[in-house]
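See below for the structure under consideration.
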Amino acid sequence: MNTMIHSLIAGGGAGSALTHFDGSIGRIVSVTGSKAIVLLDSPRDGSVRNIQDRPEMGTLLAIDTANTVVLAIVSALSVPVPAQREGDNEIWIAELGLAGELWRSTDGGAASFNRGVTVYPGLGDRVRVATKAELSLAFCGSSARSVRVGCIRQDSTIDARVRVDDLLGKHFAILGTTGTGKSCTTALILRSILEDHPAAHIVLLDPHNEYATAFGELAEVISPWNMQLPLWLLNFEEAIEVLVGDPERKHEIEILQELIPLAKSRYAAGRQAENQKLRRGILDHGRFTVDTPVPYRISDLTGLIDERMGKLENKRDLAPYRNLKSRIDTISQDGRYAFMFGSLTVYDGMAQILSRIFRVPVQGKPITILELTGIPTEIVNVVVSVLCRMTFDFALWSEGKVPVTLVCEEAHRYVPLNSNAGFEPCKRAIAKIAKEGRKYGASLCIVTQRPAEIDPTILSQCNTVFALRMSNDRDQAIVSSAISDTGSGLLEFLPALGQREALAFGDGVALPVRIKFDELPRDRLPRSSTAKFSEKWQMSVGDENFLDQVVERWRTAGIGNSLDVNQQATMLAESIHFTGGRVESMESPEPQVRAPQSNGGYRAVPAPQPVSSVPASAGMGATVRPAGGSLLRRETPPPTPAMGVATAGSDRQSLRDRLLKPNAPR
């Protein structure tokens, strides 16, 4: 390419000042593979070329051949030898990346656009700026399976559209520095898809609780306060991270590896005895593994630990059992782990959990937002691992009938480049979707502000990339390695992109293009705007109760989901959307059926016939039943503390009441 430019300089650029009235701006002087060089016409009499006909970086140019119109993107502009005196001729060079071609119809007009070039332009062919009709054919194409997300930078009247099947089926990434609009871009793209596809199935991991406002009534919002993710859904590696925490504690891990299958078998045996309708041969209780997703009781697990401790003759061997039992007791009573341990009873609600997370049926809410703020930091990666693994397994075992898209916000947290950072099962779960998910209908969206710190194996699987403004050289290099030569000239725009602007390239868009995204309505913006320091620092906070409320929120976050039993019952019924279950009120307990009371005075009773109502609250004598399961009935009220004596539970409840009603008397 440089040799050709030097030869043009030596030749003096003869003919470059010719005038053409066909709208062309230059002629082809070199074609090499996917690139071409254009010798631009110099304006006559030293006048400035019309801005509409003057090529810019990223401009789409057209080259007419016998049966096609070849489209090429300007990747570089140069004047190798500037004029020394006014009136001297100059050589203007444009380097092009050949992007695709428009095939002509029988009447001579352009009919369809195809990526790649089959008929190359020849030397001397004239080059012109692509017309609006040609831009529309190239960038818009058929609107049947594409959605609008904005307009193209070259012509604001031309829609910028993304092809939904190619975008989701082959994964995509949204990259950009903090504050460039990644959250707004993510919300805009997903909302555009949901408007045309109301029965979608999207799961969005939201580490900053910012997306609920962006989707409103379209979203099922799951937070630690209404989440149900029981321990038995975790595989062994995930359970070890929760119950042990340190992979070096081999003795405790070996104990769990032996006892968890026994606890599962004990629960399943009890269920089979209660439910005679279970078909013989479906489950072999002696063959449960530590990873089989079937329920088991924590009480059975701790009971098995006690049994083993009682059989040990050497008291020195008790330490691993004691440590393990102490750890289980501690976290099961920690309110922050209530979504994992706080269920009133253990039952097989896997179908209800999958229904809620993956929106089957959709019921007018095609996207699930999983808010991760409030989950203990030491197990956030475990929760993400469970959700990602379940996404792939759900797609696999549903045989691709329900395609699911997983949106992983702040992805560098979960799939970091550093092999010693992050949670290995979480990395594997996301990598499995990236590498194999396409076959089963599981797609991945990666959103990150630091592409240089994310595992390149994951990023390389994203066939469509939206690159917002970036100034870091390492991050730019990652984007550069992912873009084709055709759009390489656009990379020079990365540090200079404006708000709501991005470079889009890959299978999800027709051509590499600079996009101006549509603006979201104010009431649909994510809660991610930058703090307005200049405005907030003009006056002091005048509310006397402001700090009290801050402290209460702070402490309540640490307490977690420590609600009383009736509130937990109501939350359980509402969060899992029982079909045929209800919370019903009894006049009085049945004294003739007494059972040992646990769980704050609840006992198990046979389940009545299914009913459909779910009242909003449950009072004294309330009964809670999962569909097809047993009931829990309160026999007696919990002990009432003496006047003036506060309990930990009452302190927590009082704190929550004051948080929800800050103006209530203290």
Side-chain angles (χ1 to χ4, degrees), residues 22-25 28 31 33-36 38 52 55-75 94-122 125-170 172 189 192-193 196 463-466 483-490 502-516:
D22 57 358
S24 62
I25 58 174
I28 296 290
V31 180
S34 62
K35 294 185 178 181
V38 175
Q52 283 78 20
E56 297 179 350
M57 292 286 291
T59 299
L60 196 66
L61 302 183
I63 308 159
D64 293 297
T65 65
N67 297 314
T68 66
V69 178
V70 177
L71 300 181
I73 298 174
V74 178
S75 59
E95 297 182 30
L96 311 181
L98 304 180
E101 57 191 4
L102 294 166
W103 282 87
R104 299 183 189 278
S105 60
T106 54
D107 59 0
S112 62
F113 171 75
N114 295 316
R115 297 187 72 163
V117 177
T118 57
V119 180
Y120 280 84
D125 285 351
R126 301 298 301 176
V127 179
R128 57 181 173 80
V129 176
T131 65
K132 182 175 181 177
E134 291 166 341
L135 291 175
S136 296
L137 274 174
F139 287 112
C140 298
S142 172
S143 60
R145 296 188 178 182
S146 63
V147 295
R148 174 191 163 98
V149 295
C151 60
I152 67 171
R153 185 67 171 76
Q154 183 172 342
D155 187 339
S156 60
T157 63
I158 304 296
D159 289 352
R161 307 185 70 88
V162 294
R163 300 167 175 170
V164 175
D165 290 337
D166 290 326
L167 180 77
L168 302 182
K170 301 177 184 179
F172 67 104
I189 293 173
S192 298
I193 293 172
D196 285 2
N463 281 25
T464 305
V465 174
F466 297 92
I483 195 170
S484 64
D485 288 342
T486 301
S488 58
L490 296 175
L503 304 181
F505 51 89
D507 292 346
V509 291
L511 290 169
V513 62
R514 185 177 176 182
I515 288 177
K516 179 77 170 181

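Predicted, not measured: the structure shown is a model, and the values here were computed from it. Only this structure's heavy atoms are used, side chains among them; waters, hydrogens and symmetry mates stay out.
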Inset, instruction - Would you indicate whether the side-chain heavy atoms of Leu167 and Ile189 approach each other to under 4.5 Å? - result: yes
Inset, instruction - Report the residues that fulfil side-chain contact (heavy atoms from CB on, under 4.5 Å) with Ala504, sequence neighbours left out, ordered by chain and then residue number. - result: Phe466, Val509, Val513, Ile515
Legend entry - Atom pair CG (Leu71) and CG (Leu60), whose distance is rounded to the nearest 0.5 Å: 5.0 Å
Legend entry - Exam field: side chain Arg115 to backbone Ala510, donor-acceptor pair closer than 3.5 Å: yes
Legend entry - Gap between atom CD1 of Ile63 and atom CG of Leu98 - 0.5 Å precision: 6.0 Å
Legend entry - Note, Thr68 side chain near Leu102 side chain (heavy atom, < 4.5 Å): no
Legend entry - Side-chain (Ser146) to main-chain (Arg163) donor-acceptor, under 3.5 angstrom: no
Legend entry - N-O pairing of Lys170 and Asp165 below 4.0 Å: no
Inset, instruction - Would you please name every residue forming a side chain to side chain donor-acceptor pair (under 3.5 Å) with Thr118, sequence neighbours left out? - result: Glu101
Inset, instruction - Hey, could you give me the OG/CZ distance between Ser24 and Arg128, rounded to the nearest 0.5 Å? - result: 9.5 Å
Legend entry - Partner residues of Asp155 under the side chain to side chain donor-acceptor pair (under 3.5 Å) criterion, sequence neighbours left out: Thr157
Inset, instruction - Answer whether the closest heavy-atom distance between the side chains of Thr65 and Tyr120 falls below 4.5 Å. - result: no
Inset, instruction - Would you please name every residue forming a side-chain contact (heavy atoms from CB on, under 4.5 Å) with Arg514, sequence neighbours left out? - result: Arg153, Phe493, Leu497, Glu501, Leu503
Inset, instruction - Starting at CZ of Phe139, measure out to CD1 of Ile152 and round the result to the nearest 0.5 Å. - result: 4.5 Å
Inset, instruction - Calculate, to the nearest 0.5 Å, the distance between atoms CG and CD belonging to Leu61 and Glu134 respectively. - result: 11.0 Å
Inset, instruction - State which residues pass side chain to side chain donor-acceptor pair (under 3.5 Å) with Asn463; sequence neighbours excluded, sorted by chain then number. - result: Asp507
Legend entry - Leu96 vs Lys35 side-chain heavy atoms within contact, under 4.5 Å: no
Legend entry - Minimum heavy-atom distance between Pro512 and Ile73, given as atom pair plus value: O-CD1, 3.6 Å
Legend entry - Heavy-atom side-chain contact between Trp103 and Asn67 under 4.5 Å: yes
Legend entry - Close side-chain approach of Val119 and Val70, heavy atoms under 4.5 Å: no
Inset, instruction - Answer yes or no: is there a side-chain heavy-atom contact under 4.5 Å between Pro55 and Val129? - result: no
Inset, instruction - Spell out, as yes or no, whether a donor-acceptor pair under 3.5 Å connects the side chain of Ser34 to the backbone of Gly97. - result: no
Legend entry - Atom pair CZ (Arg148) and OG (Ser192), whose distance is rounded to the nearest 0.5 Å: 9.0 Å
Legend entry - Partner of Phe505 by side chain to side chain contact (heavy atoms under 4.5 Å, CB included), out of Val465, Thr464, Leu511: Val465
Legend entry - Any residue meeting side chain to side chain donor-acceptor pair (under 3.5 Å) with Asp125, in chain and number order, not counting sequence neighbours: none
